[in-house]
Number of protein chains: 2
Amino acid sequence: MGNDSIQQSLKLFIVLSRAHRSMNDVVNKYIAKQGLNPTEFAVLELLYHKGEQPLQQIGGKILLASGSITYVVDKLEQKEFLERIACKNDRRVTFAKITEKGKTFIESIFPDHEKKIDDIMNVLTSEEKEMATELIKKIGYNALDQEQK
Amino acid sequence: MGNDSIQQSLKLFIVLSRAHRSMNDVVNKYIAKQGLNPTEFAVLELLYHKGEQPLQQIGGKILLASGSITYVVDKLEQKEFLERIACKNDRRVTFAKITEKGKTFIESIFPDHEKKIDDIMNVLTSEEKEMATELIKKIGYNALDQEQK
DNA sequence: TCAAAATATCTCGAATTCAAATTAATTATA
DNA sequence: TATAATTAATTTGAATTCGAGATATTTTGA
C-alpha cells in the first residue's frame, strides 16, 4: 500500500547512498594514491578537458563554494599543476590554467581511473547500464525539482 | 564496442553521483532547517531506532572516524538530545543514549523526513523502484568487492 | 558625468571532518 | 603474578570545506 511505497522509497534511498559511498571510496582511494584529494582531481580534470577557466566558473561546474576554490587552486599551484593568470579586461577575475606538468600528470593516471569505474559498472550488462542510467536520471531530476520548493 | 561500454560506465557514474548529490541536498536542507547537521541526524536516528550504543559502534554503523564521533556526540550532548553513560564492565567504553528530549525531537521531524524521500523516489513506479534498487545494489556490492583489491 | 547602489569575484576566518597520538584494557608468556 | 605486546577507545590537533565579508567593477539615475 501507500506505506509499502514509502518503505520501497527509503530502501532505494539507502541502497543508492551506500552504492555511491562504496563507488567513491574505490575511486578516491586511487586518486589519493596519486597524491591528490578528490577536489584537486576534479579541478585538474576540468581544466584538462575544458581548458582554462575563471576560478568562479570552476566553482560552478564542480559545485564548490568559492572559498574552497581558493584553497584547492593554491594547492595545485604549489604542485605546479596549474598557474593563475590575471584577466586583462576585468581585474576582479583570475583564470586557472593547467601546466604542461599538470597535463602530463593527468594523462598518466586517467586511463586507470576510467578502468576503475568501468570495473565497477561492468557488473551490469549494457542493457542494464542503460536502464539504470535512465531510472537514476529520473530520480536526480526529480530531486532537483524538489529542491526548488 | 569496448569503448562504448566504458562511455556507458562513465555516464552511469556521473548520473549516479549527480542524483546522489541532488537527493542529499534536499534531505540535508530539511535537516539543517531543524538545526542539525547530517551527521548529527544520522547519529540521533541510529540511537532512536537501535537503542543505546558504544561510541565505537556508532562510528562503525554510520561509517564515521572515531574522532568525528567524539565531536558529534559532544554537540548532541550539549543540545541534551543524548547522554554519555560510562560502561561498568569496561572502563574504556562509553555509551551514548538518546534522552526523552531527543526522542521527542526526532519523532517530531521524522515523518516529514520520510515524506521528502518518498517525494523524490515516487517519480518512479513501484516496479521501477524495485528494478532500480536491484541494479544499484549490484553496483554497490561490486564496488565493495573492488575496494578489497 | 559623477555618486550611489547593485553585482561579481576572491580571500579570510569559522565550522566540520579526519588522521595520528594518547590512554586504557586485555592477552600472552616468563 | 608481573611485564610486555597487542588490541580497543577516545581526544587532540591538522586538513578540508563552507559562509560571510572585503575588494573591484558595472549599472543606474540625478
Side-chain angles (χ1 to χ4, degrees), chain A residues 17 20-21 24-25 27-29 31-44 46-47 52-79 81-97 147, chain B residues 17 20-21 24-25 27-29 31-44 46-47 52-79 81-97 147:
Chain A
S17 298
H20 179 259
R21 171 135 204 172
N24 261 36
D25 284 351
V27 170
N28 290 345
K29 192 185 280 182
I31 291 172
K33 209 190 293 182
Q34 315 305 320
L36 295 184
N37 70 37
T39 315
E40 290 170 343
F41 179 78
V43 170
L44 210 53
L46 177 71
L47 295 181
E52 64 184 53
Q53 305 273 328
L55 299 199
Q56 165 74 3
Q57 288 193 31
I58 295 175
K61 285 181 184 163
I62 66 175
L63 303 181
L64 208 61
S66 62
S68 313
I69 300 166
T70 302
Y71 176 82
V72 176
V73 169
D74 283 352
K75 286 298 207 61
L76 288 171
E77 198 172 24
Q78 283 162 27
K79 290 177 183 170
F81 286 163
L82 64 76
E83 50 188 345
R84 277 182 163 94
I85 297 176
C87 177
K88 287 167 187 168
N89 308 327
D90 187 340
R91 276 181 31 208
R92 296 171 304 177
V93 177
T94 306
F95 286 92
K97 180 182 177 184
E147 213 175 327
Chain B
S17 298
H20 179 259
R21 172 135 203 171
N24 260 37
D25 284 352
V27 170
N28 290 343
K29 192 185 281 181
I31 291 173
K33 209 189 296 181
Q34 315 306 319
L36 295 184
N37 70 37
T39 315
E40 290 171 343
F41 179 78
V43 170
L44 209 53
L46 178 71
L47 295 180
E52 64 183 56
Q53 306 273 327
L55 299 199
Q56 164 73 2
Q57 288 194 31
I58 294 176
K61 286 180 184 162
I62 66 174
L63 302 181
L64 208 61
S66 64
S68 313
I69 300 166
T70 301
Y71 177 80
V72 177
V73 168
D74 283 352
K75 285 299 206 64
L76 289 171
E77 197 173 25
Q78 282 162 28
K79 291 178 181 168
F81 286 163
L82 65 75
E83 50 187 345
R84 278 185 162 93
I85 297 177
C87 176
K88 286 166 187 168
N89 308 327
D90 187 338
R91 279 181 29 207
R92 297 171 305 175
V93 177
T94 306
F95 286 91
K97 182 183 178 184
E147 211 177 334

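Remember, predicted model here, so these are calculated numbers, not experimental data. Numbers restart at 1 for each chain; the letters A, B, ... are given by sequence-line order, proteins then strands.
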Nucleotide interval of DNA chain C bounded by contacts with chain B (heavy-atom cut-off, under 4.0 Å): C:dT16 to C:dA25

Partner set under side-chain hydrogen bond (donor to acceptor under 3.5 Å, both in side chains) for A:N28, not counting sequence neighbours: none

B:K61: salt bridge (Lys or Arg N to Asp or Glu O under 4.0 Å) partners, not counting sequence neighbours: none

With sequence neighbours excluded, residues passing salt bridge (Lys or Arg N to Asp or Glu O under 4.0 Å) with B:K97: none

For B:K29, all residues meeting side chain to side chain contact (heavy atoms under 4.5 Å, CB included), sequence neighbours excluded: A:E147

For A:R21, all residues meeting salt bridge (Lys or Arg N to Asp or Glu O under 4.0 Å), sequence neighbours excluded: none

Test side-chain hydrogen bond (donor to acceptor under 3.5 Å, both in side chains) applied to B:N37 - qualifying residues, sequence neighbours left out: none

Residues that B:D25 engages under salt bridge (Lys or Arg N to Asp or Glu O under 4.0 Å), provided they are two or more places apart: none

Side chain to side chain contact (heavy atoms under 4.5 Å, CB included) partners of A:Y71, counting only residues at least two apart: A:K75

Test side-chain hydrogen bond (donor to acceptor under 3.5 Å, both in side chains) applied to B:Q57 - qualifying residues, sequence neighbours left out: none

Net bend of the helix from C:dT1-D:dA30 to C:dA30-D:dT1, end axes of five pairs each, nearest 10 degrees: 10°

Per-nucleotide protein contact string for nucleotides 9-22 of chain D, where B marks a base within reach and S marks sugar-phosphate only (heavy atoms under 4.0 Å, - for neither): SBBB--SSBBBB--

B:T94, B:V93, B:I69 screened by side-chain contact (heavy atoms from CB on, under 4.5 Å) with B:P54, the one that passes: B:V93

